[in-house]
Amino acid sequence: MLKRSLHFPDTSRTRSPVALVVAGVVLIAATYGMARFGVGLLHPQMAAVRPGLDGALSPAGTAQFSSYCLAVLVAGRLVRTRARAVVLAAGLSAGVGALGLMLAHTPLTFTAAAFVAGAGAGLASPALVPVLDRAVPARRSGLTQAAVNSGTAVGLIAVGAVVLITRAVATPWLLVALVCVGAGLAVHALAPREPASDASPAAAGPPPGTPRTSRLPMTLPWLLAAATGVVSAYVWTYGPSVVVQDTGLDTGRIGWLWVTVGVGGLLGVLTSRLVELTSPARAFLLCAVGLLLATAAVALTAQLWVAVLGLALFGAAYMALSGTLILWGRVLRPEDGGQATAWLFLALAVGQALGAALLSP
């Protein structure tokens, strides 16, 4: 059974745990599904209106994943004592990046804005792990972490729907910016304050009685996460463009592709149950196989229905995989689940940065 990484007194909990969880879902939806992965979704439509952005997707994808790596490193050092501040920074960073993307007309400005937007997601996930662990009873923590992580799917559905409703390239990014900032402010306001004991020297190491399993090696999980990151970068960065090019799908219908990914990704809420029935390692490998099959379907077919099925499978596999990384990190480091999540998500992002640069179609 998964255990909460730290035991905090009830006085540290928020009075509105349900509201906090909802705000956390919206923050992940905004920083991941909208500000981060929306770059690949919205680029074909933006390039059609702004021809100067035609060659900007590859460098923007690499910059975005790189900034995510840097943000995860920063978050990993701060979340134990300043998780609420990191959450607020996540919303602000993603919001500013979205505004930059709205205004971008050249590859340089588009890439720079994507860099800023990508940092928001890198700050959000590691910070939300300890915030939720403080606010939610231990028996529900695994389900809560998986549910909040599946917020990415909600964001994909939302931004895909916006693209279907309007062909304007500025409107979606303005909405993304508003949601990012609003969600960051909401989580910051609802999250319980960090107990003073978190900042004490004693908090630097594992608490007395921490089992040895809390120091299990993270090398293998890190390498596995990096490898799946390489594979996933293809769909996140180039998926919509590849499907449009290979199947002849009209760019006005491209929003349906990300809605498909998001609908599949809603299954990510079942991640905690999958981990309970198997183990973090086995659950991760199952998700990785699904991710590989889905990416192959998107990359190698000229049939739209095959690509759509591949995108749905990709959404389910990726959301479950990233949720498994959160739960795996909390097993490996029960005394500091936020930092463990940061390291594993860093590996995922390192792989994605490499994949975005190397797998350009």
* CZ/R50: more than 12 non-hydrogen atoms of other groups inside 6.0 Å ->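 Yes - once you tally the heavy atoms of other residues, nucleotides and ligands closer than 6.0 Å, there are more than 12.
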
Which heavy-atom pair separates [X] from [Y] by the least distance, and what is that distance?
{"X": "G323", "Y": "N149", "result": "N-ND2, 3.1 Å"}
{"X": "V243", "Y": "A307", "result": "CG2-CB, 4.1 Å"}
{"X": "G155", "Y": "M34", "result": "O-CG, 3.8 Å"}
{"X": "R36", "Y": "A121", "result": "CD-CB, 3.9 Å"}
{"X": "A294", "Y": "G310", "result": "CB-O, 3.2 Å"}
{"X": "A56", "Y": "T111", "result": "O-OG1, 4.2 Å"}

same_hphob_cluster([X], [Y]) at 4.5 Å side-chain heavy-atom cutoff:
{"X": "V39", "Y": "V244", "value": "yes"}
{"X": "L293", "Y": "L309", "value": "no"}
{"X": "V235", "Y": "L313", "value": "no"}

* Reference residue T271; test side-chain contact (heavy atoms from CB on, under 4.5 Å); the match among L274, V275, L267 ->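 The single option meeting the side-chain contact (heavy atoms from CB on, under 4.5 Å) with T271 is V275.
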
Side chain [X], main chain [Y], donor-acceptor under 3.5 Å:
{"X": "T301", "Y": "A297", "value": "no"}
{"X": "S322", "Y": "M319", "value": "yes"}
{"X": "S150", "Y": "A147", "value": "yes"}
{"X": "W222", "Y": "W343", "value": "yes"}
{"X": "H43", "Y": "L53", "value": "yes"}
{"X": "Q145", "Y": "V129", "value": "yes"}
{"X": "S232", "Y": "G229", "value": "yes"}
{"X": "S93", "Y": "A90", "value": "no"}

Is any side-chain heavy atom of [Y] closer than 4.5 Å to one of [X]?
{"X": "T171", "Y": "I165", "value": "no"}
{"X": "V162", "Y": "W258", "value": "no"}
{"X": "F110", "Y": "L101", "value": "yes"}

* To do: Apply the test side chain to side chain contact (heavy atoms under 4.5 Å, CB included) to residues L20 and V131: give CA-CA distance (whole Å), side-chain angles for both, the deciding distance (0.1 Å), then the verdict.
  => CA-CA 9 Å; L20 175 61; V131 164; 4.0 Å; yes

* **Stepwise side chain to side chain contact (heavy atoms under 4.5 Å, CB included) check, V181 with L92** => CA-CA 5 Å; V181 174; L92 294 175; 4.0 Å; yes

* **Test log, rule side chain to side chain contact (heavy atoms under 4.5 Å, CB included), inputs V242 and Y234** => CA-CA 10 Å; V242 168; Y234 184 87; 3.4 Å; yes

* Show your reasoning for whether side chain to side chain contact (heavy atoms under 4.5 Å, CB included) applies to L70 and F115. => CA-CA 10 Å; L70 294 174; F115 183 90; 4.0 Å; yes

* Specify whether W328 and F284 have parallel, tilted or perpendicular ring planes, treating 30° as the upper limit for parallel and 60° as the lower limit for perpendicular. =>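 Rings of W328 and F284: tilted, as their planes differ by 30° to 60°.
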
